[in-house]
Amino acid sequence: MAGDRHWSHIFPNPQLGSRHIEAYLGPTNSGKTYQALQALKSLKAHERGVYLAPLRLLAIEVCEELRSQGIAVSLITGEERDIDPQARVVCSTIEMLNANQHYSVGVIDEMQMIADTQRGWAWTQALFEISADRMFVLGSPSVESLMKDFAETSGDTLTLHHTQRFTPLQMKPQPIAPKSVTKGTIFVVFSRNSVIRWGEYFRASGHSVAQIYGAMPPEVRREEARRFRAGEADILVATDAVAMGLNLPAHTVVIGESEKYNGQTSTAVPKPLVRQIAGRAGRYGHHDAGFAAGSDSVIHRHMQSALNGQDEQFTFPLPNIAPTRGWVANAMELAPETTVRELLTAWQQTVKGSRWFRCVDLSEMLDKAHVLDGIEGSDQLPMAERLQILTAPADVRAGQTHHFRTMVAAILENHPLTSPASGAGPHARSEDLESTYKHLSLYCWFHYRYPKAFPEIGKAATERTKCVNQLIAHIRQGLKRHCKSCGKVLPAKGVFGICESCHQAQRRQRQWDRDDY
């Protein structure tokens, strides 16, 4: 496939050109999701609908909202299935789209995520492959140009709706220093360590505190959000994990750090993210207005500049794209002995220079492909299965290589694998519980694709609940950081991952090694 050929060669969806797209574009707290849910609630008995969420938490939240209205709903995410045989609506994470099912109404939420270099492929796939009479596309105004270009070329009918916030969002005249933060505020920082450090600071100041960060299991995040909503916690200290997917009625959002680590280096917090975070303030029905501030003058000015600006318009070839089923089938017919790494490399060359797409960041998949290709017998699996395995939530860069290998081996050897244990207990460290939770989630993910090889889904779910409950208990007591070497509790204000004793021991060892050399 030449990179500049029409996208129908990659996405041969026969319904392209016959769909009606309703795009609701606007800031947070402007009713976009409400409009789509009204359409799902209005489905007739013979009609089917799907809601595609960016996060498991949001899929669960919408599922519960629809069920509260008496609508039969199934919930499908990578790691869980809650199937209602009478379901008219499916709520799922966007990666779980069933492109073979036709829907009367299909909803794609947070469409601006199409620009994400790792997950954006799922939004591209949904936009091109979902089979629906009516599509609701919800997102930032930044996707307006992209949607217009798409509809003009695909032939789909597009109706644009520009939504406005229900409550005004205002910058405070001056920064809000941490000592002046009041009840009902979300204090946002950009690392787990910072969440722990500031959580301890606010507790020491007499506040009750809820805490949320990205590595935290979704169930724990949800419970912490509930505590904040219920007024059981005065202040929520969180990372940008609160930017979407949680109902958080805060009157004020304060950003407490000026930089965010992007995986390679620390840079100024992107202005679109600032707008997304600040937009959590002033939830409709709870407050007449929302307020935003930085914790110092530098952050405050950056926020002011961000809120005065607008999201840059996305256009083609921005959408990120991963190997599609049709392309993989054609490639394997031409070169049946191809390895996964070779196939992914070929895909990168296929997309290079495309007028329509960019290749999704395949670095994480290539890391897993290197592991998979090295497992004896893996080449006997169909390529489609191997690619599916590469989407498993295993971070081989963060110590999950062994778990990943073990689970792939169970598939190849057709040998049932028992569920991991939670390790929860009075002396369990929060870092270890979070790691075990990921291991258990990986087991659940594999169960729903290879149930015979991973039969203990009930036990895995129970063990995950133990992890969740123990982590919640840790938060109630005050999260701690621990030395990565000896496990000793670290000072909350510290910036290093090991204690001073271990640091000195490592320095002495390096000196001895140099002397011996």
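Heavy atoms only: backbone and side chains are in, while hydrogens, waters and symmetry mates are out.
Taking a cutoff of 4.0 Å between a charged side-chain nitrogen and a carboxylate oxygen, Arg222 and Glu61 do not qualify as a salt bridge. Ion pairing between a basic and an acidic side chain is recognised when a charged N comes within 4.0 Å of a carboxylate O; Arg227 and Glu224 show such pairing. Using a 4.0 Å cut-off between charged nitrogen and carboxylate oxygen, Arg226 and Glu223 count as a salt-bridge pair.
Across all non-hydrogen atoms, the minimal contact from Ser104 to Leu43 is CB-CD2, 4.0 Å. The two residues Arg355 and Phe316 make their nearest non-hydrogen contact at O-CB, 3.9 Å.
Panel note: side chain Asp82, backbone Ser74; no donor-acceptor pair is recorded below 3.5 Å. In this structure a side-chain-to-backbone donor-acceptor pair under 3.5 Å is missing from Gln211 to Val237. Although no hydrogens or angles enter the test, the distance criterion places no donor-acceptor pair under 3.5 Å between the side chain of Tyr261 and the main chain of Thr267. A donor-acceptor pair under 3.5 Å is formed between the side chain of Thr465 and the backbone N or O of Ala461. Proximity of a side-chain donor or acceptor of Arg229 to a complementary backbone N or O of Asn247 within less than 3.5 Å is detected. In this structure, Arg48 contributes its side chain and Ala45 its backbone to a donor-acceptor pair below 3.5 Å.
Within the 4.5 Å cutoff, no side-chain heavy atoms of Val90 are placed close to those of Val73. Inter-residue side-chain proximity for Ile321 and Trp356 is flagged as unmet; no heavy-atom pair is nearer than 4.5 Å. Leu236 places none of its side-chain heavy atoms less than 4.5 Å from the side chain of Val209. Side-chain contact check for Leu440 versus Cys467: some heavy-atom pair is nearer than 4.5 Å. Side-chain contact between Leu343 and Trp327 is present, with at least one heavy-atom pair separated by less than 4.5 Å. Considering only heavy atoms from C-beta on, Val188 stays 4.5 Å or farther from Thr239 through its side chain.
Glu342 and Thr345 are not linked by any side-chain donor-acceptor pair at a separation below 3.5 angstrom, with hydrogens and angles left out of the test. Side-chain contact check for Ser430 and Arg192: at least one donor-acceptor pair (N or O, by modelled atom type) lies under 3.5 Å. Checked by atom type, the side-chain pair Glu257/Ser194 shows a donor-acceptor distance below 3.5 Å. When only modelled atom types and interatomic distance are considered, Tyr103 and Asp133 share no side-chain donor-acceptor pair under 3.5 Å.
Sorted by first and then second residue, the side-chain hydrogen bond (donor to acceptor under 3.5 Å, both in side chains) pairs involving residues 112-124 (not counting sequence neighbours) are Glu95-Arg119, Glu110-Gln112. For the salt bridge (charged side-chain N to carboxylate O under 4.0 Å, His left out) condition, the pairs that include at least one residue of residues 418-430, sequence neighbours left out, are Arg429-Asp432. Sorted by first then second residue, the salt bridge (charged side-chain N to carboxylate O under 4.0 Å, His left out) pairs that include residues 372-390, not counting sequence neighbours, number zero. For residues 83-94, no pair satisfies side-chain hydrogen bond (donor to acceptor under 3.5 Å, both in side chains), with sequence neighbours left out.
Judged as a salt bridge (charged side-chain N to carboxylate O under 4.0 Å, His left out), and not counting sequence neighbours, the contacts of Arg325 are Glu129. With sequence neighbours left out, the ring pair (Phe, Tyr, Trp, His ring centres under 6.0 Å) criterion links His439 to His403. A search for salt bridge (charged side-chain N to carboxylate O under 4.0 Å, His left out) contacts involving Arg221 returns nothing, not counting sequence neighbours. Residues forming a ring pair (Phe, Tyr, Trp, His ring centres under 6.0 Å) with Phe446 (at least two apart in sequence, or on another chain): Phe454. Lys41 is linked by a side-chain hydrogen bond (donor to acceptor under 3.5 Å, both in side chains) to Glu65, counting only residues two or more places apart in sequence or in another chain. Under the rule for a salt bridge (charged side-chain N to carboxylate O under 4.0 Å, His left out), Glu431 has no partner lying at least two apart in sequence or in another chain. Applying the salt bridge (charged side-chain N to carboxylate O under 4.0 Å, His left out) criterion to Arg19, with sequence neighbours excluded, gives Asp156.
Cation-pi geometry between Arg81 and Tyr448 is met: the NZ or CZ atom falls under 6.0 Å from the ring centre, inside 45° of the normal.
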Please report, to 0.1 Å, the donor-acceptor pairs under 3.5 Å made by any side chain of residues 361-370, with sequence neighbours excluded.
{"unit_1": "Asp361", "atom_1": "OD1", "unit_2": "Ser363", "atom_2": "N", "d": "3.0"}
{"unit_1": "Asp361", "atom_1": "OD1", "unit_2": "Ser363", "atom_2": "OG", "d": "2.8"}
{"unit_1": "Asp361", "atom_1": "OD2", "unit_2": "Ser363", "atom_2": "OG", "d": "3.4"}
{"unit_1": "Ser363", "atom_1": "OG", "unit_2": "Arg397", "atom_2": "NH2", "d": "3.3"}
{"unit_1": "Asp367", "atom_1": "OD2", "unit_2": "Arg397", "atom_2": "NE", "d": "2.4"}
{"unit_1": "Asp367", "atom_1": "OD2", "unit_2": "Arg397", "atom_2": "NH2", "d": "2.9"}
{"unit_1": "Lys368", "atom_1": "NZ", "unit_2": "Leu390", "atom_2": "O", "d": "2.8"}
{"unit_1": "Lys368", "atom_1": "NZ", "unit_2": "Ala392", "atom_2": "O", "d": "2.7"}
{"unit_1": "Lys368", "atom_1": "NZ", "unit_2": "Ala394", "atom_2": "O", "d": "3.4"}

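Checking each of Val143, Leu16, Val137 against Phe150 for a side-chain contact (heavy atoms from CB on, under 4.5 Å) leaves exactly one that passes, namely Leu16. With Tyr437 as the fixed residue, the side-chain hydrogen bond (donor to acceptor under 3.5 Å, both in side chains) test singles out one of Glu219, Glu463, Lys466: Glu219.
Phe128 and Phe357 have their aromatic ring centers within a separation under 6.0 angstrom.
Between the CD atom of Gln125 and the CD1 atom of Ile94 there is a distance of 8.5 Å, given to the nearest 0.5 Å. Remark: Lys452 NZ to Ile411 CD1 distance equals 13.5 Å, nearest 0.5 Å.
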* **side chain to side chain donor-acceptor pair (under 3.5 Å) assessment of His102 paired with Ser131** => CA-CA 5 Å; His102 179 75; Ser131 177; 2.8 Å; yes
